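One-based numbering along the sequence shown. Since the structure is predicted, the reported quantities are computational estimates derived from the model, not experimental observations.
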Amino acid sequence: MLEPDLLAYKALRDAMLSGHPEAFTSDAETERLRDLASYRSRLAGGNTLFTLVALDGSRVVGALTCEREPRHKVQHIAHLVGMMVADTHRGRGIGRALLAAGLDRVKATPGLAQLTLSVTAGNRAAIGLYCGAGFERYGHLPDAIRLPDGRRLGKDLMLLRLQG
Ligand SMILES: CC(C)(COP(=O)(O)OP(=O)(O)OC[C@H]1O[C@@H](n2cnc3c(N)ncnc32)[C@H](O)[C@@H]1OP(=O)(O)O)[C@@H](O)C(=O)NCCC(=O)NCCS
């Protein structure tokens with residue numbers, strides 16, 4: 001993702017956080033108030049290895065971010081966060097294409113040995129996507145997120161081992 005895409009990225013993220021509160025840890029109300037400058041942390045640099053976006057014209061319709069652990073002892077571990085495809089564009093292979101492109105980048109990054117993510121238990125679309133790419137469940141955190149409507153949802157913890 002490049003700086004000019006930040007506004008469209010925020011628009012997609014705000015819509016997804018609002019429309020799918022059970023799928024994300026961040027809440028829509030807090031994130032909507034964030035200023036655009038704070039989204040620069042999603043550009044490559046610092047702990048962020050990359051954010052990939054899928055574009056339909058100038059509209060961002062899909063995104064995926066990868067963050068690497070900064071501390072020396074855990075620099076072999078990176079995490080996928082913020083996987084999302086706009087409701088209008090789901091089921092067309094965009095999520096799979098984003099994940100495949102992300103995995104290509106991760107595998108080309110020296111020193112990475114493990115890639116993790118967390119996904120709300122029961123999110124069939126996302127879990128199907130990750131399992132199809134070789135991720136395996138290594139744990140489960142019960143009561144991981146609490147929604148305003150009172151639901152308490154667990155998260156499956158998933159792992160992909162790399163060659164590093
Ligand atoms: C999960 C998500 C990113 C998938 O994106 P997508 O572009 O619709 O997915 P694709 O069309 O590339 O499908 C890839 C695979 O995902 C799985 N999948 C996608 N939609 C599915 C559905 N409705 N039910 C079951 N599996 C599904 C399948 O394994 C599919 O592979 P297949 O087509 O060979 O069966 C998208 O549904 C989304 O943004 N959901 C809301 C936010 C979210 O849950 N994000 C994940 C946070 S961890």
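Judged by distance alone, the side chain of Gln75 and the main-chain N or O of Glu69 form no donor-acceptor pair under 3.5 Å.
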Checklist line | Steps toward side chain to side chain contact (heavy atoms under 4.5 Å, CB included) verdict (Cys131, Met158) | finding: CA-CA 9 Å; Cys131 288; Met158 303 192 80; 3.8 Å; yes

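Here the CZ atom belonging to Arg96 is positioned 8.0 Å from the CG atom belonging to Leu129, to the nearest 0.5 angstrom. Distance CG/Leu43 to CG/Leu2: 8.0 Å, rounded to 0.5 Å. Here the CG-CZ distance, from Leu64 to Phe50, works out to 6.0 Å after rounding to the nearest 0.5 Å. Between Tyr130 atom OH and Leu115 atom CG the span is 10.0 Å, to the nearest 0.5 Å.
Legend: residues meeting salt bridge (Lys or Arg N to Asp or Glu O under 4.0 Å) with Arg92, ordered by chain and number and at least two apart, are absent. Partners of Ser41 by side-chain hydrogen bond (donor to acceptor under 3.5 Å, both in side chains), not counting sequence neighbours: none found. With sequence neighbours excluded, no residue forms a side-chain hydrogen bond (donor to acceptor under 3.5 Å, both in side chains) with Arg152. Qualifying side-chain contact (heavy atoms from CB on, under 4.5 Å) partners for Ala125, counting only residues two or more places apart in sequence or in other chains: Arg90, Asn123. Legend: residues meeting side-chain contact (heavy atoms from CB on, under 4.5 Å) with Asp104, ordered by chain and number and at least two apart, are absent. The salt bridge (Lys or Arg N to Asp or Glu O under 4.0 Å) search around Lys10 returns Asp14, not counting sequence neighbours.
Between Ile145 and Lys155, the closest heavy-atom pair is CG2-CE, 4.0 Å. Of all non-hydrogen atoms in Ala126 and Val119, the two that sit nearest each other are CB-CG2, 3.8 Å. Annotation for Ser26 and Leu17: closest pair O-CD2, 3.8 Å, computed over non-hydrogen atoms. The nearest pair of heavy atoms linking Arg68 to Leu49 is CB-CG, 4.0 Å. Closest approach of Leu80 to Leu117, counting heavy atoms only: O-CB, 3.7 Å. For Leu98 against Met84, the heavy-atom pair with the smallest separation is CD1-O, 4.3 Å.
Within the structure, salt bridge (Lys or Arg N to Asp or Glu O under 4.0 Å) contacts touching residues 21-31 (residues at least two apart or in different chains) are Arg13-Glu31, Glu31-Arg34. Screening residues 121-142 for salt bridge (Lys or Arg N to Asp or Glu O under 4.0 Å) gives Arg137-Asp156 as the qualifying pairs, with residues at least two apart or on separate chains.
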If you look only at distance, which donor and acceptor atoms sit under 3.5 Å apart when one is on a side chain in residues 51-63 and the other is two or more places apart or in another chain?
from: Thr51; atom 1: OG1; to: Arg42; atom 2: O; distance (Å): 2.5
from: Thr51; atom 1: OG1; to: Thr65; atom 2: OG1; distance (Å): 2.8
from: Asp56; atom 1: OD2; to: His89; atom 2: NE2; distance (Å): 2.9
from: Arg59; atom 1: NH2; to: Thr88; atom 2: OG1; distance (Å): 3.0

Validation: residues 105-114 side-chain donor-acceptor distances under 3.5 Å, sequence neighbours left out:
from: Thr109; atom 1: OG1; to: Arg105; atom 2: O; distance (Å): 2.8
from: Gln114; atom 1: OE1; to: Arg161; atom 2: NH1; distance (Å): 3.2

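Alongside Ile77, the hydrophobic cluster contains Val74 (criterion: ILVMFWY side chains under 4.5 Å). The other members of the hydrophobic cluster of Leu159, by chain and number, are Tyr138, Leu157 (side-chain heavy atoms under 4.5 Å, ILVMFWY only).
A single hydrophobic cluster is seen to contain both Ile127 and Leu160, as judged by linkage of ILVMFWY side chains at heavy-atom distances under 4.5 Å, directly or through other members. Both Met1 and Leu12 belong to a common hydrophobic cluster when Ile, Leu, Val, Met, Phe, Trp and Tyr are linked at side-chain heavy-atom distances under 4.5 angstrom. Using a 4.5 Å cut-off between side-chain heavy atoms of Ile, Leu, Val, Met, Phe, Trp and Tyr, with links allowed through other members, Leu6 and Val81 fall into different hydrophobic clusters.
Tyr39 has its side chain out of reach of Leu7: every pair of non-hydrogen atoms, C-beta onward, lies at least 4.5 Å apart.
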